[in-house]
Amino acid sequence: MEVYKFGGASSKDAEGIRNIAHILSLKPELQLLIVISAIGKTTNALEELLNAYVDRKDSTLDILEAIKVYHEKIMDDLFEDRSHPIYDDVANTFVEIEWILEEEPYDSYDYLYDQIVSVGELVSSKIVSHYLNNSGIVNQWTDARSYIQTDNTYRRGKVDWVKTSARIKEQLVPVLQNQYIVTQGFIGGTSENFSTTLGREGSDYSAAIFATGLGARAVTIWKDVPGVLNADPKLFANTKKYEELSYREAIEMTYYGATVIHPKTIKPLQNNHIPLYVKPFNAPEESGTCITDTDVKITEPAVIIKNNQILISLTTKDLSFITEEHISVIYRSFADFAIKMNVVQVSATSLSGCVDSDQRTFARLISLLEENFIVKYNEGLQLVTMRHYERDLLNEFTKGRTIMLEQSSRVTAQVVLK
């Protein structure tokens with residue numbers, strides 16, 4: 001029994017979905033639960049739709065229509081005619097968004113986000129499920145919201161592990177004895193049957209949750225890269241692949257912003273000794289990267305780049321020392337807005353933190369912090385994190401640029417650059 005997760009890049013078009021079927025055909029003996037992300041850049045498009053709706057822009061319905069057309073084009077390429085039930089199935093799923101758009105946007109942004117953006121995974125998984133069944137790969141489509149149970153913390157739902165694991169074990173293990181299961185990543189459900197999401201790019205985390213409940217032998221994440229690389233191949237030439245990584249090293253890399261795996265994915269797998277494989281969907285025969293309890297030593301520095309960063313500096317209004325009480329207030333404020341500080345530095349009278357830019361929440365955060373602190377910030381910065389860093393290589397990144405903040409340990413160096 002294993003879990004496969006396919007991201008948006010692997011299902012961005014009809015050819016990608018056909019490739020999913022090909023990958024599944026390579027090991028027909030497996031009992032597989034298959035986690036599907038939203039197709040292509042659908043999540044981005046649904047976020048654009050949400051923002052247009054909340055801001056009451058005239059473009060809202062046009063954005064929704066473009067999303068529908070994109071999915072219809074893929075269905076037209078996969079299915080022989082429009083009498084196939086997938087068309088009604090997908091249309092009825094988009095109706096969930098249309099019902100919301102008929103009302104005034106009076107609910108909280110985070111709640112609306114989860115109800116609208118979660119539709120991307122529902123639609124994509126239905127298309128994949130129908131296509132696989134058409135291709136003779138028998139599967140049951142399953143709504144992840146009925147199994148991954150969370151609290152009401154919208155956009156970052158906290159998983160009820162006891163309830164979730166029990167439902168998966170009791171209800172899904174028997175199904176897998178006879179057929180595959182196709183389900184969704186990224187989404188969960190509350191006890192009131194509202195949709196929640198697990199954090200941006202959270203489909204990897206979903207795969208780990210299902211694997212834990214199933215007691216799976218392994219999880220494989222199928223990506224558009226050969227495995228876990230030491231840097232983003234879109235930014236660097238001659239990247240190197242790690243054949244093996246320890247759980248600890250993978251956790252560190254994802255914590256600092258490596259996007260190949262969602263940060264919450266590793267810990268539940270480590271707790272249950274479930275190996276994680278990251279493999280290329282365009283070359284499924286290749287080995288990819290294996291993440292386990294190994295104690296393999298890292299010899300190639302990992303370089304992680306985060307753009308569009310904001311450096312915030314907070315100073316006490318009376319120039320008193322920054323104390324543990326001040327730090328507690330600051331961290332609580334960031335937590336309330338679900339904003340993670342990517343690097344933090346404290347001096348006698350100030351605290352500086354680097355965060356991802358999120359204009360919808362940033363202004364409210366600043367307003368709250370200004371009640372107790374003098375607040376200054378710089379936008380449009382870049383954060384470079386290097387694991388197992390080499391000083392000469394780090395100097396190459398900083399050459400000719402303004403260093404806004406720098407700190408290093410024996411293993412990790414971080415530099416905020418302008």
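The analysis underlying the following values was restricted to heavy atoms, covering all of them including side chains, and did not include hydrogens, waters or symmetry mates.
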[X] [atom1]: over 12 foreign heavy atoms closer than 6.0 Å:
{"X": "Arg401", "atom1": "CZ", "answer": "yes"}
{"X": "Asp58", "atom1": "CG", "answer": "no"}
{"X": "Lys68", "atom1": "NZ", "answer": "yes"}
{"X": "Asp318", "atom1": "CG", "answer": "yes"}
{"X": "Lys12", "atom1": "NZ", "answer": "no"}

In plain terms, say whether [X] and [Y] are close enough for a salt bridge, that is, a side-chain N and a carboxylate O under 4.0 Å apart.
{"X": "Lys27", "Y": "Glu2", "answer": "no"}
{"X": "Arg18", "Y": "Glu15", "answer": "yes"}
{"X": "Arg145", "Y": "Asp143", "answer": "yes"}

Checklist entry - Distance from Leu383 atom CG to Ile305 atom CD1, nearest 0.5 Å? => result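 Interatomic distance, Leu383 CG to Ile305 CD1, rounded to 0.5 Å: 8.0 Å.
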
Is there a side-chain contact between [X] and [Y] (heavy atoms, below 4.5 Å)?
{"X": "His326", "Y": "Ser320", "value": "yes"}
{"X": "Leu394", "Y": "Val415", "value": "yes"}
{"X": "Asn378", "Y": "Ile310", "value": "no"}

Checklist entry - Going through the checks in order, is the side chain to side chain contact (heavy atoms under 4.5 Å, CB included) test met by Asp356 and Gln309? => result CA-CA 5 Å; Asp356 298 341; Gln309 297 290 291; 2.7 Å; yes

Do [X]'s NZ or CZ and the ring of [Y] fall within the cation-pi criteria of under 6.0 Å and 45°?
{"X": "Arg155", "Y": "Tyr113", "value": "yes"}
{"X": "Lys126", "Y": "Trp141", "value": "yes"}
{"X": "Lys267", "Y": "Tyr205", "value": "no"}

Checklist entry - Between Phe94 and His71, which heavy-atom pair has the shortest distance, and what is it? => result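 Taking Phe94 first and His71 second, the nearest heavy atoms are CZ-ND1, 4.1 Å.
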
Item to check | salt bridge (Lys or Arg N to Asp or Glu O under 4.0 Å) assessment of Lys223 paired with Glu286 | outcome: CA-CA 12 Å; Lys223 305 285 289 187; Glu286 293 185 5; over 6 Å; no

Checklist entry - Of the options Ile148, Leu198, Thr196, Leu122, which is the one that meets Ile187 in a side-chain contact (heavy atoms from CB on, under 4.5 Å)? => result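 It is Leu122, the one option of Ile148, Leu198, Thr196, Leu122 that forms the side-chain contact (heavy atoms from CB on, under 4.5 Å) with Ile187.
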
Checklist entry - Hey, which of Val3, Ile274, Leu30 is the one that makes side-chain contact (heavy atoms from CB on, under 4.5 Å) with Arg217? => result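 Going through the options one by one, the only one that passes is Leu30.
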
Next on the checklist: Please tell me whether Phe362 and Tyr377 form a close aromatic pair, meaning their ring centres lie under 6.0 Å apart.
Outcome noted: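 Here the rings of Tyr377 and Phe362 have centres that are less than 6.0 Å from each other.
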
Checklist entry - Step by step, would you call His388 with Glu249 a side-chain hydrogen bond (donor to acceptor under 3.5 Å, both in side chains)? => result CA-CA 10 Å; His388 309 282; Glu249 189 62 44; 3.0 Å; yes

